[in-house]
There are 2 protein chains.
Amino acid sequence: MGTVGKAISLLELFTVDEPELGLSDLARRSGFDKATTRRLLLALTGHGFVEQDAATRRYRLGAGLSRLARIREARFPFLQTAVPLVRELAASTAETVHLSEFGVDALVTVHVEHPAWANRVNIDIGQLLPLHSTASGIAYLAFARDETVKACLTGSLKAFTAHTLIEPAAISTSIGETRDRGYSICDQGFEEGVISVAAAIRAADGFALGTIAVAAPKARTTPAALPERGLAVMAAAREISMRLNGENLQTLRRQA
Amino acid sequence: MGTVGKAISLLELFTVDEPELGLSDLARRSGFDKATTRRLLLALTGHGFVEQDAATRRYRLGAGLSRLARIREARFPFLQTAVPLVRELAASTAETVHLSEFGVDALVTVHVEHPAWANRVNIDIGQLLPLHSTASGIAYLAFARDETVKACLTGSLKAFTAHTLIEPAAISTSIGETRDRGYSICDQGFEEGVISVAAAIRAADGFALGTIAVAAPKARTTPAALPERGLAVMAAAREISMRLNGENLQTLRRQA
DNA sequence: GGATGTCGGTTCATTATTTGAACCCTTATT
DNA sequence: AATAAGGGTTCAAATAATGAACCGACATCC
């Protein structure tokens, strides 16, 4: 791995649960030498990608990242556009709704709305969702480029629960159904006791760029509720796609 | 400069006005060799910090940045907290209101609300504001650590207009007045014909972490309007500080 | 229509940067 | 008073970054 990759993988050690880490911790988790880790952190701090707490000496993600993310968001207002519809869907379903965007080889959660229930599905911002074993992932693949689908299915597929589909053929079938139906269903494929439905949000070229999904405890989900939820998530995804692409869904390559 | 710094400075070439750049363009502007530039871009794309448009082959900022920025925002909800108050202030003043956060050695604009006027002050998200020559900068320095102030005043101070204060003594005076008054005034110090007032947003330790500012065309600003505007911006800054620090302004080291 | 310029991308010998074991200092913990 | 763990630093050795030259594709211009 090049130096740049190392620096970035340091940044990727920070999570919502552990937003502040010490030098030794970072060195241990990254596997880099302490001196190396520190030099990388220094370079990152110098550009505002990392900040160091003056009192505790621990490191956290810096304002430079916010700046660049806002520049990106100005060009491509994904969050701004989608968040209101995520809220609406969360209100109408009274379940956890999350929004993700494709990045490298997984979906990254960029926004979440949680319901008031004590028993609910908890998802963190920044969490990575594998493509083959989540409702979002399948919804994405249903409208992804062929090479993306192929790359996903030829990789090694991890089984997260006893229900996770890991045979490429079974996943292909699921993708096909999703394409016909317009939304995907994932029954405990990622976490035991959680059932999700998702639909793809698509760019002007018709390919998926992200997803919106509803995740609920299986215990409180009746079979009858699923199609209803699926249609709602599909409607939200379509609305977001339309708003992003200036109302002209015609240009979408494949119809949902 | 280390390789990491070079990679980051590539990212910093993207702006709201030019959110997509080609390889040769990036190489030219960064001053790096084309091969080097490409290798850096490859490393950045591999981690989702940069994306390449499949059709035009041009590069843009990637989703990985949004992901990290959201993780940061989850820990420290600066935008979420401040944006509603920025909106309010924009509505009540009917002028451009902008929010900035300190990063490395300047303030970075993270949010802007523009009024409906045709003649207004335009500010882009991501724009960097120098500390010595903007209302935001002076407001920040008024509640910054002594070493930050010193570092700023000993550097070389650029005059952006004929009105820019560049003598350290004059700037110190301005900082002192701001500390006493609670808000700063900058009369055309950054751009001809623009007059701004700003106040510092402060962390739990009492030091500034960002600013909120109102920028207006000097032509339509009466001397009487300034103190009114100053008090409004100060009230907004104090409210944001309180919400960020859990209502306990007592812990703030210095009183505004 | 062929000469010229630009662009994205690649190669490989040369060169400069990154690396990490050992070290120091400070702050808990026992 | 001894031990461990954390942040930070040093410098010879090892490794990774560099850039001039080159390729093919496309556009433009007499």
Side-chain angles (χ1 to χ4, degrees), chain A residues 1-15 17-62 75 104 145 147-148 151 205 207, chain B residues 1-15 17-62 64 75 104-105 145 147-148 151 205 207:
Chain A
M1 194 185 341
T3 321
V4 176
K6 290 186 190 172
I8 295 179
S9 60
L10 273 187
L11 294 176
E12 291 177 337
L13 294 174
F14 297 94
T15 63
D17 289 326
E18 299 191 285
E20 285 196 321
L21 298 165
L23 172 60
S24 301
D25 230 357
L26 284 164
R28 225 175 295 114
R29 295 180 198 216
S30 63
F32 309 145
D33 187 90
K34 204 168 43 152
T36 304
T37 306
R38 181 158 153 71
R39 221 167 13 78
L40 293 173
L41 285 171
L42 224 59
L44 290 167
T45 346
H47 287 265
F49 274 35
V50 159
E51 292 166 356
Q52 185 172 29
D53 189 295
T56 67
R57 318 243 87 189
R58 305 212 304 168
Y59 298 88
R60 67 173 103 94
L61 296 176
R75 195 199 87 93
V104 198
R145 290 188 163 72
E147 59 260 35
T148 310
D205 59 10
F207 291 111
Chain B
M1 192 184 344
T3 320
V4 177
K6 290 185 190 174
I8 296 180
S9 59
L10 273 187
L11 294 175
E12 292 177 336
L13 293 174
F14 296 93
T15 62
D17 288 328
E18 297 191 285
E20 287 195 320
L21 297 165
L23 172 60
S24 300
D25 230 357
L26 284 164
R28 224 174 296 114
R29 295 181 196 213
S30 62
F32 309 144
D33 187 90
K34 202 166 45 148
T36 303
T37 307
R38 174 138 211 295
R39 226 168 6 79
L40 294 172
L41 286 170
L42 224 59
L44 291 167
T45 344
H47 288 263
F49 273 34
V50 159
E51 292 165 356
Q52 186 174 29
D53 190 295
T56 67
R57 318 244 87 190
R58 306 212 303 168
Y59 297 89
R60 68 174 101 95
L61 297 176
R75 194 199 85 96
V104 199
D105 60 355
R145 290 187 163 72
E147 66 251 41
T148 310
D205 59 10
F207 291 111

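What you see is a predicted model; the values in this text were computed from it and never measured. Every chain is numbered from 1, with letters handed out A, B, ... down the list of sequences.
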K.L.:
Got A:Phe32 and A:Leu10 here, is their nearest side-chain heavy-atom distance under 4.5 Å?
P.N.:
yes
K.L.:
Please report, rounded to the nearest Å, how far the C1' atom of C:dC7 is from the OH atom of B:Tyr59.
P.N.:
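The distance from OH of B:Tyr59 to C1' of C:dC7 comes to 11 Å, rounded to the nearest Å.
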K.L.:
On a heavy-atom basis, which atom in A:Glu20 and which in A:Asp53 lie closest, and how many Å separate them?
P.N.:
OE2-OD2, 4.1 Å
K.L.:
What's the CZ-P distance between B:Phe32 and C:dA16, to the nearest Å?
P.N.:
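Going from B:Phe32 (CZ) to C:dA16 (P), I get 17 Å.
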K.L.:
Could you tell me whether the side chain of A:Lys34 has a donor or acceptor atom within less than 3.5 Å of a complementary atom in the base of D:dG7?
P.N.:
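Side chain to base: pair found, below 3.5 Å.
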K.L.:
Could you work out which one of C:dT10, C:dG20, D:dG8 sits closest to the side chain of A:Thr36?
P.N.:
C:dG20
K.L.:
Nearest to the side chain of B:Leu23 - C:dG8, C:dT19, D:dG6?
P.N.:
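When the side chain of B:Leu23 is considered, C:dG8 is the closest of C:dG8, C:dT19, D:dG6.
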K.L.:
Nearest of D:dT10, D:dA20, C:dT19 to any side-chain atom of B:Ala35?
P.N.:
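Of all the options, the side chain of B:Ala35 is nearest to D:dA20.
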K.L.:
What's the CZ-C1' distance between A:Arg28 and C:dG20, to the nearest Å?
P.N.:
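Distance, rounded to whole Å: 17 Å.
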K.L.:
Shortest non-hydrogen contact from A:Ser24 to A:Lys34?
P.N.:
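Heavy-atom minimum between the residues: OG-CD, 4.2 Å.
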K.L.:
Measure CG/B:Asp25 against P/C:dG9 and give the value in whole Å, please.
P.N.:
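Interatomic distance, CG of B:Asp25 to P of C:dG9: 13 Å.
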K.L.:
Could you work out which one of D:dT18, D:dG7, C:dG20 sits closest to the side chain of B:Lys6?
P.N.:
D:dT18
K.L.:
Tell me which nucleotide among D:dA16, C:dC7, D:dG8 gets nearest to the side chain of A:Arg57.
P.N.:
D:dG8
K.L.:
Measuring to OP1 and OP2 of C:dT17, would you say a side-chain N or O of B:Thr3 lies under 4.0 angstrom away?
P.N.:
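False: B:Thr3 side-chain N/O out of range (4.0 Å or more) of C:dT17 OP1/OP2.
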K.L.:
Closest-nucleotide mapping onto DNA chain D: is B:Met1 or A:Gln52 further toward the 5' terminus? I mean the 5' end.
P.N.:
A:Gln52
K.L.:
Hey, does A:Arg58 reach any base, or is it just sugar-phosphate, or nothing, if we go heavy atoms under 4.0 Å?
P.N.:
nothing
K.L.:
Verify, without hydrogens or angle tests, whether B:Glu51 (side chain) and B:Arg60 (backbone) share a donor-acceptor contact under 3.5 angstrom.
P.N.:
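No: the side chain of B:Glu51 does not pair with the backbone of B:Arg60.
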K.L.:
In whole angstroms, how far is the C1' atom of D:dA17 from the CG atom of B:Leu10?
P.N.:
14 Å
K.L.:
Can you see if the side chain of B:Arg38 gets near the phosphate of C:dT10 - specifically, an N or O under 4.0 Å from OP1 or OP2?
P.N.:
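It does, given that an N or O in the side chain of B:Arg38 lies less than 4.0 Å from OP1 or OP2 of C:dT10.
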K.L.:
Can you tell me how far P of C:dA16 sits from CZ of B:Arg39, to the nearest Å?
P.N.:
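So the CZ-P distance, B:Arg39 to C:dA16, works out to 15 Å.
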K.L.:
Over all heavy atoms of both residues, which pair between A:Phe14 and A:Pro19 is shortest? Give the atoms and the distance, please.
P.N.:
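It is CD2-O, 3.4 Å.
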K.L.:
Please state how far atom CG in A:Leu42 lies from atom C1' in D:dG7, giving the value in whole angstrom units.
P.N.:
12 Å
K.L.:
Given that A:Val4 and A:Thr56 both sit by DNA chain D, which one's nearest nucleotide is further toward the 5' end?
P.N.:
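The residue mapped nearer the 5' terminus is A:Thr56.
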K.L.:
Could you tell me how far apart B:Leu21 (CG) and C:dG8 (P) are, to the nearest whole angstrom?
P.N.:
10 Å
K.L.:
Between C:dG20, D:dT18, D:dA20, which one does the side chain of A:Asp33 approach most closely?
P.N.:
C:dG20
